[in-house]
Amino acid sequence: MGMSSQVRENMLRGSWVRRMFEEGILLKERHGDGNVFDLSLGNPVMEPPAGFRRELEKIVGQPQPGMHRYMSNAGYEETRAAVAAQLSRDTGLDFTAGDIVMTCGAAGGLNVVLKTILDPGDEVIVVAPYFVEFLNYIENHGGVARVVQAGGNFLPSLDKLEAVLGPKTKAVILNSPNNPTGVVYDDDLLHGMAGLVQRKEREYGTQVYLLSDEAYCRLIYDGLEFPVLLRHHLRSFIVRSHSKDLALPGERIGFVAVHPNCDDKQDVVDGLVFCNRILGFVNAPALMQNIVGHLQGVTVSIADYERRRDLLYNGLVGMGYSMVKPGGAFYVFPKIPIDDDVAFVRELQEHLVLVVPGSGFGTPGYFRASFCVDDSTIEGSFDGFRKIAQKYGLC
Ligand SMILES: Cc1ncc(COP(=O)(O)O)c(C=O)c1O
């Protein structure tokens with residue numbers, strides 16, 4: 001077959017979530033939907049908030065001429081102004097519509113940023129455990145991923161970052177709240193990372209961007225604060241999305257924001273707009289732009305997610321599994337009691353519980369389980385988790 005060998009290799013490297021998805025379908029066909037407990041996906045079962053439906057009905061009931069046409073590749077001015085106003089409230093910085101480019105989700109946004117800033121061979125630092133697509137996106141645009149393992153509690157370690165931050169480093173990707181661990185970086189850590197990057201910029205005479213993937217920034221628990229990276233580094237991009245906070249992953253709507261005081265800001269924004277076009281996204285979906293412009297600051301029920309987080313976390317801890325308590329996102333990332341995370345996941349599968357091995361996130365020895373599922377799926381998984389915990393002497 002004519003598939004590129006590179007694509008073939010990458011498909012094998014990062015296909016754990018997809019593989020579990022496909023195996024889940026087979027298991028559900030064999031055992032019935034209600035008997036398979038699928039915690040492998042980041043595809044929320046929650047419906048969007050009521051405000052989404054109201055906005056959708058409004059626009060369908062009063063269609064405006066031209067509402068399905070192309071618009072500026074950056075997106076509608078009014079939507080970008082609404083996003084900018086919300087970001088200004090969130091960060092205390094002064095964003096305008098000109099700092100925002102609407103994108104096809106965070107995935108589209110990350111690709112647009114990387115395409116804009118990378119020359120062939122430029123390095124991008126990624127902290128493991130990572131969202132596996134980061135590696136694919138970097139490679140899409142000729143970059144080279146430099147992976148560094150996180151330190152304690154899965155937080156980026158400044159010492160480890162320093163060891164890989166070199167003259168070829170063009171960007172560091174941050175992902176907080178993190179997929180797959182759920183950890184939220186605090187302000188001191190962001191300050192330390194920015195300080196390190198600035199020291200290295202001076203040492204090498206380079207410019208290094210911080211690229212903050214904030215796809216889960218509204219899903220934060222226990223009253224934790226979500227710190228503002230942009231207070232610490234001018235050469236920063238925020239990438240956000242409404243896939244999680246408004247439960248709209250299929251609608252492909254998100255945005256990129258550039259630091260309002262970034263050097264060469266207009267150049268950078270022009271580059272983003274151009275790349276949104278030439279990557280074939282052209283513009284973010286028109287209907288969704290019209291809707292989310294009215295829903296900035298609205299979210300799904302955080303209390304509901306927090307309750308599900310507690311249900312899964314307390315259940316697993318009660319059986320003897322150990323993990324960092326997630327402060328955000330909708331995943332737990334427990335340690336496995338044996339050496340081989342893939343074998344562990346296969347064993348769980350025999351009990352009809354689906355999770356993803358840590359290897360799929362660059363960190364073997366763990367597994368990821370999602371709590372963006374119904375309570376019955378979480379509770380139904382406990383029997384399988386308990387049997388394995390008993391087998392390996394956790395309880
Ligand atoms: C860390 C992270 N970044 C980006 C994305 C992509 O999100 P979107 O649906 O907005 O493209 C995901 C999706 O799960 C994610 O987990």
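When a ligand or atom number is given, it counts from 1 through the structure's own listing order.
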Exercise. Are D304 and R307 ion-paired here, with the side-chain N under 4.0 Å from a carboxylate O?
Worked result: yes
Problem set entry | Test of proximity, N175 against ligand 1: N or O pairs below 3.5 Å | no
Exercise. Is K244 in contact with ligand 1, taking contact as a heavy-atom separation below 4.0 Å?
Worked result: yes
Exercise. Mind checking whether Y209 and F237 have parallel, tilted or perpendicular rings, split at 30° and 60°?
Worked result: tilted
Problem set entry | Residue, atom name and distance, where the atom is the protein heavy atom closest to atom 9 (O) of ligand 1 | S243 OG, 2.7 Å
Seminar exercise, completed: Going by the 4.0 angstrom heavy-atom rule, the piece of P249 near ligand 1 is neither
Exercise. For F134 and ligand 1, does the shortest N/O to N/O distance drop below 3.5 Å?
Worked result: no
Seminar exercise, completed: The protein heavy atom nearest to atom 7 (O) of ligand 1 is A106 CB, 3.8 Å
Problem set entry | Closest approach of any protein heavy atom to atom 2 (C) of ligand 1, naming residue and atom | D213 OD2, 3.4 Å
Exercise. With under 30° as parallel and over 60° as perpendicular, where do the rings of F333 and F361 fit, or are they tilted in between?
Worked result: perpendicular
Problem set entry | Lys/Arg-Asp/Glu bridge criterion (N-O < 4.0 Å) met for D341, K335 | no
Exercise. Within the structure, does L110 bring an N/O atom to less than 3.5 angstrom of an N/O atom in ligand 1?
Worked result: no
Exercise. Under 4.5 Å between any side-chain heavy atoms of M323 and V317, yes or no?
Worked result: yes
Exercise. Heavy atom under 4.0 Å from ligand 1: found in R252's side chain, backbone, both, or neither?
Worked result: side chain
Exercise. Quick one: nearest non-hydrogen protein atom to atom 12 (C) of ligand 1, plus distance?
Worked result: F131 CZ, 3.4 Å
Exercise. Would the number of heavy atoms belonging to other residues, nucleotides or ligands and lying under 6.0 Å from CZ of R54 be above 12?
Worked result: no
Problem set entry | Nearest non-hydrogen protein atom, atom 6 (C) of ligand 1 | A107 N, 3.9 Å
Problem set entry | Under-4.0 Å salt bridge between E347 and K391 | yes
